[in-house]
Amino acid sequence: MNKTHPQRNGDVAPFDPAKPFSEERGCCWPCGARLCCPPRCVCVTSLLLLAAMVAIVGLAVALGLPPRSPANRLCAASNNRTGFLCDDRVTCIPASQLCDRTSNCRDGEDEQEELCGDLPHSLPTYLVFRCGNPAHWVYADKRCNGINDCGDCSDEMGSLSACPPCGSAWWSCSPVLYEYCACVPRSLCRDSIQHCTSWSDEYLCTP
């Protein structure tokens, strides 16, 4: 004579695919103030959550949603100039291309109101150089570029800028033109025009 043994609480009934989880016998049941589920239900639920997360990430990629903005946007642009790192974490644009009404980053983050709403106060400090005259400022990549961008040469000479000596492409002298500070481009040497007060650009300098 066969005996029928009652199902213990730890046993799990065979899975019936025709029944939803809410009707599947032995799937989950009230257990005091919480819901008790056997390992099979917990596993299935975890897989469903994982699949949903993968689907969300895939949708974001398909729609071309921009990645999370980098925390630190300081980078070295061409000629080792101070730069701004775009959201793609690859493109580095010179600081002076920020807030110029042209989108130089793919998603236009270099023209956002957060950065450009109150220049220069809305810019990170590393993108700004304060001139000798506190009322004036230039973008940090303009410092030590050989050009008098501040108007008082404080971006090219003195302790504020701490620029290195004239490079090989420049000739050191006291310039005649307001445009330069302590060096003139060698390309101007021996062009029959005075660029240095000493005329050294015409008699000593070689292009």
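When reading the values below, keep in mind they use all heavy atoms of this one structure, side chains included, and skip hydrogens, waters and symmetry mates. Just so you know, these numbers come straight off a predicted model, no measurement behind them.
- Looking at residues two or more places apart in sequence or on another chain, you find a side-chain hydrogen bond (donor to acceptor under 3.5 Å, both in side chains) between S198 and S200.
- Residue E109 comes nearest to R73 through the heavy atom pair CG-NH1, 4.2 Å, listed as atom of the first residue, atom of the second, then distance.
- Between the side chain of N104 and the backbone N or O of T102, at least one donor-acceptor pair lies under 3.5 Å.
- Residues V128 and A140 share a closest heavy-atom pair of N-CB, 4.0 Å.
- Between C144 and S161, the shortest heavy-atom distance links the atoms SG-O, 3.9 Å.
- Ring geometry for Y139 against W137 counts as perpendicular: the plane angle is over 60°, on a 0 to 90° scale with 30° as the lower cut.
- Here the shortest heavy-atom pairing between R186 and C205 reads NH1-SG, 3.9 Å.
- L177 and L188 fall within the same hydrophobic cluster, defined by Ile, Leu, Val, Met, Phe, Trp and Tyr side-chain heavy atoms under 4.5 Å apart, directly or through other members.
- E179 places no side-chain N or O within 3.5 Å of a backbone atom of I147 that could act as its donor or acceptor partner.
- In terms of hydrophobic clustering, with Ile, Leu, Val, Met, Phe, Trp and Tyr side chains grouped at heavy-atom distances under 4.5 Å, L74 and L123 are assigned to a common cluster.
- Under the 3.5 Å distance criterion, the side-chain polar atoms of D88 are matched with a main-chain donor or acceptor of T91.
- W170 approaches C166 most closely through the heavy-atom pair CB-CB, 3.9 Å.
- Side chain of D110 to backbone of L98: no donor-acceptor contact under 3.5 angstrom is found.
- Among all heavy-atom pairs drawn from P207 and R190, the shortest one is CD-CD, 4.3 Å.
- Take R81 and apply the salt bridge (Lys or Arg N to Asp or Glu O under 4.0 Å) test, not counting sequence neighbours, and it matches D141.
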For this session: Take D87 and C105 through the test side-chain contact (heavy atoms from CB on, under 4.5 Å) and record every step on the way to the result.
Result: CA-CA 8 Å; D87 281 351; C105 292; over 6 Å; no
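- A donor-acceptor contact shorter than 3.5 Å is absent between the side chain of Y126 and the backbone of G83.
- Checking side-chain atoms of R143 against main-chain N and O of E156 turns up no donor-acceptor pair under 3.5 Å.
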